[in-house]
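When reading the values below, keep in mind they use all heavy atoms of this one structure, side chains included, and skip hydrogens, waters and symmetry mates. All residue numbers in this chain count up from 1 along the given sequence.
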Amino acid sequence: MRPAEALRPKASEDSPRGLAFAISAYVFWGFLPLYMKLLAHIPPAEVVAHRVIWSLPIAAAVLVALGRTATLKEALRNPRMLAMGCVTAALVSVNWGIYVWAIANDRALDAALGYYINPLFSIFLGAVFLGERLNRAQLAAIALAAAAVLVLALDAGRLPWAAVGLMLSWGFYALAKKQLPIGPNQGFLLEVLILTPPALGYVLWLALTGQSHFAIGLTPDTWLLLGCGFVTAVPLLFYANGAKGLRLSTIGILQYIAPTMIFLCAVLVFKEPFGQARMIAFPMIWAALVIYSVAMLRGMRRASA
C-alpha cells in the first residue's frame, strides 16, 4: 500500500480533518444568531442580498484555488442543471430570509425548533419523493415531532410559522440539492451566481431611493453587511468539505450542535420567553431526536455487519 493510501480514511471511519471541518461549521452556525442580532434593525431582504453578494468572491476564490471550475462551467451551459440550480437558489434564499427575520423579531427559539425538526422532515421527504421505507422508530419520531408542533400551535392559536418555514425551505433545499449532479462547493457558487443579479439590482435600488444601510463611509452597518459574506460562505464550505470525511451517523449526531446553540442563545442571551407550551414541546422534540438517532445508529451497525 502506498503511503497516501494508508493515510486516507476508510469509508466507515471518521477523519480528524472531516470532524474538525464539520464541528467548526456547526459551531459557526450556532453563533450566527449573535451576528444576525446586530443586523436586526436592517430589513431581512437587504441582509439576504448582502449575504449573496459578499459570498460570491469567497466561494469563487475557494473553487478557483481547488481547481474545480470545469463542472461549474458545464452547469452554466446545461439548461437542466441551471434550472435545478435556480430551484435550490430560490429555496436557500427563502431559508435565509426567514432565519434573518426570526432572529430580528425575537423568534430564535422558533429557528432552533425548525432546525431540530429538519432531520425528521428530511426522512419524511425521502419516503414521499424517493420511495425510502420508514421503520417504526422513524415513524414514532416523526409523529412525536408533529405532536410537539401541534402543542405550540394550540397554545399560540397559530402554527409557529418561522419554524415551519425554516423546516420546509431547508428540507426541500436538501432534497433538491441531492438531485443536483455537481459537487457541494460548485453547487453553492452556482446558487450565489444565480442570486447575484437580483441581489445587486435590489441593493442598487435601495441606494438610489436612499434606503440603503450600506454606505461608502464604512459605517458599522457597512462592515456588518460586508461580513455577511464571510459568515454565510465559510460555514457552508466547511460543512461541504467536512461531510466528505465523516460517516453518515456522525453527521447525523453533529447536526444537533447548531440548533442547541441557537436554543441556548435564545434563552440565555436574548432572554426569549420559554413558556409552558415550549417546556412541553421541546422535550418532545428532543425525545424524537433520541429515537431517530438510536434507530439510525442501529441501522448503520447492521449495514456494516
Side-chain angles (χ1 to χ4, degrees), residues 16-44 46-55 57-59 62 92-119 162-163 165-167 169-170 173-174 184-185 188 192 213 220-243 246 250-274 278 282 285-286 289:
R17 181 176 178 273
L19 201 60
F21 269 127
I23 291 175
S24 297
Y26 284 119
V27 170
F28 229 120
W29 280 324
F31 280 118
L32 188 57
L34 299 175
Y35 191 91
M36 289 300 157
K37 200 69 168 180
L38 299 174
L39 295 162
H41 60 289
I42 300 176
E46 185 175 359
V47 176
V48 172
H50 283 281
R51 290 187 76 173
V52 170
I53 292 166
W54 305 116
S55 291
I58 297 173
V62 168
V92 78
S93 62
V94 168
N95 183 268
W96 289 349
I98 296 171
Y99 179 83
V100 172
W101 179 90
I103 301 302
N105 289 274
D106 300 323
R107 295 287 191 274
L109 277 172
D110 284 349
L113 177 66
Y115 288 123
Y116 270 133
I117 298 173
N118 186 69
L166 288 170
M167 177 193 74
S169 58
W170 193 259
Y173 171 72
N185 293 324
F188 176 60
V192 292
H213 290 80
D221 284 351
T222 300
W223 284 113
L224 287 169
L225 289 170
L226 279 169
C228 282
F230 181 84
V231 301
T232 299
V234 169
L236 278 168
L237 293 169
F238 275 12
Y239 174 78
N241 289 280
L246 296 177
T250 304
I251 297 169
I253 300 301
L254 292 178
Q255 66 186 326
Y256 305 139
I257 293 174
T260 300
M261 291 180 67
I262 295 170
F263 173 86
L264 292 173
C265 277
V267 175
L268 301 178
V269 182
F270 303 152
K271 306 298 182 182
E272 291 187 14
F274 194 65
R278 283 173 169 164
F282 270 88
I285 294 293
W286 295 329
L289 293 174

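Side-chain atoms of Arg278 and Leu113, non-hydrogen and from C-beta on, never get closer than 4.5 Å to each other. Residues Phe270 and Leu34 are in side-chain contact: their nearest non-hydrogen atoms beyond the backbone lie under 4.5 Å apart. Counting only heavy atoms from C-beta outward, the side chains of Trp286 and Phe263 approach each other to under 4.5 Å. Side-chain contact between Leu224 and Ile42: absent, with no pair of heavy atoms (C-beta onward) separated by less than 4.5 Å. Counting heavy atoms from C-beta outward, Leu254 and Ile23 have side chains that approach closer than 4.5 Å. Within the 4.5 Å cutoff, no side-chain heavy atoms of His50 are placed close to those of Leu39.
Residue pairs meeting the side chain to side chain donor-acceptor pair (under 3.5 Å) criterion with at least one partner in residues 26-35, sequence neighbours excluded, do not occur; the list is empty.
Side-chain atoms of Arg107 do not come within 3.5 Å of backbone N or O of Ile98 as any donor-acceptor pair. The closest donor-acceptor contact from the side chain of Glu46 to the backbone of His213 lies under 3.5 Å.
For the atom pair CG (Leu237) and OG (Ser24), the distance works out to 12.5 Å, reported to the nearest 0.5 Å. Atom CG of Leu32 is separated from atom CD1 of Ile262 by 7.5 Å, given to the nearest 0.5 angstrom. In this structure, OH on Tyr115 lies 14.0 Å from OG1 on Thr260, to the nearest 0.5 angstrom. Distance check: Ser169 OG to Trp96 CH2 gives 11.5 Å after rounding to the nearest 0.5 Å.
Taking every heavy atom of both residues into account, Cys265 and Gly30 meet most closely at SG-O, 4.0 Å. Across every non-hydrogen atom of Pro273 and Leu109, the tightest pair is O-CD1, 3.6 Å. Between Val47 and Cys228, the closest heavy-atom pair is CG1-SG, 4.1 Å.
For Phe282 and Phe274, the ring centers are positioned less than 6.0 Å apart. Aromatic ring centres of Phe28 and Phe230: separated by under 6.0 Å.
In this structure, Tyr256 and Tyr116 have tilted ring planes: the angle between them lies in the 30° to 60° band.
Under a 4.0 Å N-O distance rule, the pair Asp106/Lys271 does not qualify as a salt bridge.
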